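Every heavy atom of this structure was used, including side-chain atoms; hydrogens, water molecules and symmetry mates were not. When a ligand or atom number is given, it counts from 1 through the structure's own listing order. This one's a predicted model, so the numbers in the text were calculated from it and none came from an experiment.
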Amino acid sequence: MTERIGSTDIESLVITRFNWDYAAKQPRLRALYEKGKAAQWNAVTDIDWTPQLHYGAPLTDSPSTGAAQARRPDNCPVPRELWNDYRWEYHAWITSQFLHGEQGALLATARLVETAPDLDDKFYAASQVTDEARHVEAFSMYLERLGHGYPINPALHAMLSNIVSDSRWDIIYLGMQIIVEGLALAVFRMSQVSGFDPIIRQITRLVARDEARHVAFGVLALEGLSNELSSREKSDREEFIKESALLMSRRFRLEEVWERMDINVAAGVEFATTDPVMCDFRRLMFSKIISSLAKLELLTEGVREHMEQLSLLRRSVGGRR
Ligand SMILES: [Fe+2]
Ligand SMILES: [Fe+2]
């Protein structure tokens, strides 16, 4: 990246668990591990890096290139003459957040190798570590070519810090595998069809394939957990989910983009939080998280209400949004 962003140290108490029982206990997890081994790809050779990328080049209006952002909404604080610049800035911003989130996944999954109780989990987490290293590699190569990047968004930074500073292994699963990766999976699936750049479409297609397995890993690992928790432990998890949803939805207020473009930040935030297309985008991003929480019986009434207040719930098919 063109901007050096330094480094951050996070302190945490880690309880490293050896497990001397080497027998496979969870066949579905082992099957996922086998799938993961067979689906490895190489960021250097499996992506066609030849298409030229010219930052700031005019983008077409076709909704198939850049999807929701192909047309400028009337209530948008970005002047018409800066709309093309905005689309590039947004692209650089979101791709940078992909990169930083991937590093978070790399570190959190490495933590799971140490802390997860069973060997089946440790095996899968170890294979995920190599997936995440490749994701970091692919997005950093892309941003190097783009020549323009953003530091980590403060809300994403807070979320990743919360995850890697927690000593409870199930919170790492919940925060990373279910929430951060669930959101990433939905965004990558959108980017692989609607990104305006052919290289990013290839990267997000390959990464999304891996992320689908990672979310499945989280759901398998946490299955049944809700019944084992005391009511105190369950309410701690509920609070963690609520705080995470708040942080992850705040991430999309785009303050850094408005600042860089010299657009009134309050007007930009108002637009990002109220524009119907952006609201729909956030709901779509949260849809995977919500279905995973429901499977895990962690979509409690309190969590549901909180998501509703943050306008993150989609109505059932056929219902009104
Ligand atoms: Fe990843
Ligand atoms: Fe992942």
Side-chain angles (χ1 to χ4, degrees), residues 1 29 31-44 46-47 94-116 120-143 149 152-153 156-157 159-164 166 169-192 195 199-222 244 247-248 251 285-289 291-293 295-296:
M1 285 176 66
L29 207 43
L32 200 64
Y33 173 57
E34 285 303 318
K35 254 193 201 170
K37 282 194 285 184
Q40 300 278 312
W41 48 274
N42 186 331
V44 175
D46 289 330
I47 291 165
I94 199 161
T95 313
S96 301
Q97 305 318 313
F98 291 164
L99 171 66
H100 303 311
E102 293 294 355
Q103 187 186 171
L106 173 69
L107 303 184
T109 328
R111 177 66 51 80
L112 281 177
V113 176
E114 292 178 87
T115 58
D120 297 319
D121 296 76
K122 291 179 189 293
F123 277 18
Y124 190 83
S127 78
Q128 187 178 329
V129 169
T130 63
D131 288 346
E132 304 300 0
R134 255 192 344 267
H135 301 175
V136 174
E137 181 190 8
F139 284 117
S140 62
M141 283 173 74
Y142 181 81
L143 279 158
I152 187 166
N153 167 269
L156 179 60
H157 188 274
M159 176 76 198
L160 297 179
S161 304
N162 286 349
I163 295 171
V164 297
D166 208 296
W169 59 265
D170 70 291
I171 291 283
I172 301 177
Y173 272 114
L174 198 51
M176 180 49 67
Q177 308 297 123
I178 304 297
I179 299 176
V180 176
E181 305 228 87
L183 195 138
L185 175 59
V187 184
F188 292 149
R189 281 183 172 158
M190 283 185 255
S191 297
Q192 76 190 52
I199 301 178
I200 208 72
R201 287 202 298 271
Q202 293 176 68
I203 297 174
T204 48
R205 183 177 54 79
L206 288 168
V207 172
R209 216 170 62 186
D210 295 343
E211 300 303 355
R213 279 196 318 278
H214 302 169
V215 174
F217 170 43
V219 172
L220 279 176
L222 294 182
S244 303
L247 287 173
M248 297 307 271
R251 194 184 141 177
M285 284 189 309
F286 272 79
S287 56
K288 185 70 197 169
I289 298 175
S291 73
S292 299
L293 290 174
K295 274 187 207 155
L296 296 171

S.K.: For Glu102 and Gln97, which I'm curious about, is there any donor-acceptor pair between the side chains at under 3.5 Å?
M.R.: no
S.K.: Return the set of residues passing salt bridge (charged side-chain N to carboxylate O under 4.0 Å, His left out) with Arg189 (not counting sequence neighbours), or none when no residue passes.
M.R.: none
S.K.: Return the set of residues passing side chain to side chain contact (heavy atoms under 4.5 Å, CB included) with Tyr33 (not counting sequence neighbours), or none when no residue passes.
M.R.: Lys37, Phe123, Tyr124, Ser127
S.K.: Would you call the rings of Phe139 and Phe188 parallel, tilted or perpendicular if under 30° counts as parallel and over 60° as perpendicular?
M.R.: parallel
S.K.: Listing residue and atom name, which protein N/O/S atoms are closer to the Fe ion (ligand 1) than 2.8 Å?
M.R.: Glu102 OE1, Glu132 OE1, His135 ND1, Glu211 OE2
S.K.: Of Arg251, Met176, Met248, which is the lone residue that meets side chain to side chain contact (heavy atoms under 4.5 Å, CB included) with Met159?
M.R.: Met248
S.K.: Applying salt bridge (charged side-chain N to carboxylate O under 4.0 Å, His left out), name anything that partners Asp121, two or more places apart in sequence or on another chain.
M.R.: none
